[in-house]
Undergrad: 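Encoded as structure tokens, here's the structure I'll be asking about.
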Amino acid sequence: MVTLLIGKKGAGKTKKLIALANEAVAASSGNVVVIEKGAKLTYDVTHKARLIDTEQYNISGYDMLYGFISGICAGNYDVTDILVDSTFKIAPEAISGLESFTKKLQDLSETTSTNIVVLVSADEADIPESINAVCQTV
């Protein structure tokens, strides 16, 4: 399942993401991965989750991010949850590429039985209706 955390800047999305990551670690029998741009969540997310800084791997854009997430799933069969912070900072295409990205993630999520949470800094009214049909929004 793909879940979108949607809200404008300053709405508390990152705090929700941190809480979801820590809850996932407590409930998971596998691995939880948190992807972020910059190393700002190091002390907020439990050490049992794997934190990955996209800047270390020069990830930019939806295609690279999707490939990276796919690689995580392919490399570890026991990844149960992947959470992505600052999506629009990683993928500057922002809303324009979000629809195809979420469709690919939904297919990947179903294939690998992985829960994927993506943080989106935008107004809910700006999100295309077709994305809401594919993803759960919070």
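What you see is a predicted model, and the numbers here were worked out from it, not measured in a lab.
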Undergrad: Provide the full list of ring pair (Phe, Tyr, Trp, His ring centres under 6.0 Å) pairs with a residue in residues 102-122, sequence neighbours left out, each pair given once.
TA: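 Matches after skipping sequence neighbours: none remain.
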Undergrad: Considering non-hydrogen atoms only, spot the tightest contact between V120 and I127 and give its length.
TA: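 Smallest heavy-atom distance, with atoms named: CG1-CD1, 3.9 Å.
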Undergrad: For T54, which residues count as a side chain to side chain donor-acceptor pair (under 3.5 Å) partner, sequence neighbours excluded?
TA: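 Residues passing side chain to side chain donor-acceptor pair (under 3.5 Å) with T54: none at all.
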Undergrad: Can you check whether D81's main-chain N or O pairs, donor with acceptor, with N115's side chain at less than 3.5 Å?
TA: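 No, N115 side chain to D81 backbone: no donor-acceptor pair under 3.5 Å.
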Undergrad: Should we say atom NZ of K89 is surrounded by more than 12 heavy atoms from elsewhere, each under 6.0 Å from it?
TA: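 No, not enclosed.
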Undergrad: Using distance only, find each side-chain donor-acceptor pair of residues 23-36 under 3.5 Å and give its atom names and separation, not counting sequence neighbours.
TA:
| from | atom 1 | to | atom 2 | distance (Å) |
| --- | --- | --- | --- | --- |
| S28 | OG | G30 | N | 2.9 |
| S28 | OG | G30 | O | 3.4 |
| S28 | OG | T80 | OG1 | 2.6 |
| N31 | ND2 | D78 | OD1 | 3.0 |
| N31 | ND2 | D78 | OD2 | 3.3 |
| E36 | OE1 | K40 | N | 3.3 |
| E36 | OE1 | L41 | N | 3.1 |

Undergrad: Check S109 against I116 and note the closest heavy-atom contact, atom names and distance.
TA: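 Between these two residues, the closest heavy atoms are CB-CD1, 4.1 Å.
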Undergrad: How close do D53 and A39 get, heavy atom to heavy atom, and via which atoms?
TA: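 That would be OD2-N, 4.0 Å.
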Undergrad: Side-chain contact, heavy-atom cut-off 4.5 Å: L20 with T3?
TA: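 The answer is no; the side chains never approach within 4.5 Å.
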Undergrad: According to the salt bridge (Lys or Arg N to Asp or Glu O under 4.0 Å) rule, which pairs have a member within residues 66-75, sequence neighbours left out?
TA: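 Counting only pairs at least two positions apart or across chains, no salt bridge (Lys or Arg N to Asp or Glu O under 4.0 Å) contact touches residues 66-75.
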Undergrad: Under 4.5 Å between side-chain heavy atoms, counting indirect links through other Ile/Leu/Val/Met/Phe/Trp/Tyr residues: same cluster for I90 and I95 or not?
TA: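 The answer is yes; both residues are in one hydrophobic cluster.
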Undergrad: Specify the closest pair of heavy atoms between L119 and S86, including all atoms of both residues, with the distance to one decimal.
TA: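 Heavy atoms only, the tightest pair is CD2-N, 3.9 Å.
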Undergrad: To the nearest 0.5 Å, what is the distance between CG (L108) and CD1 (I82)?
TA: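 Going from CG on L108 over to CD1 on I82, the span is 7.0 Å.
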Undergrad: Just jot down the salt bridge (charged side-chain N to carboxylate O under 4.0 Å, His left out) partners of D123, sequence neighbours excluded, or say none.
TA: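 Partners of D123 by the salt bridge (charged side-chain N to carboxylate O under 4.0 Å, His left out) criterion, ordered by chain and then number, come out as K8.
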Undergrad: Got a list of side-chain donor-acceptor pairs under 3.5 Å for residues 57-67, not counting sequence neighbours?
TA:
| from | atom 1 | to | atom 2 | distance (Å) |
| --- | --- | --- | --- | --- |
| Y62 | OH | A94 | O | 2.7 |
| D63 | OD1 | K104 | NZ | 3.3 |

Undergrad: Going by the rule side chain to side chain donor-acceptor pair (under 3.5 Å), which residues pair with T112 if we only count those two or more places apart in sequence or in a different chain?
TA: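 So T112 forms a side chain to side chain donor-acceptor pair (under 3.5 Å) with T114.
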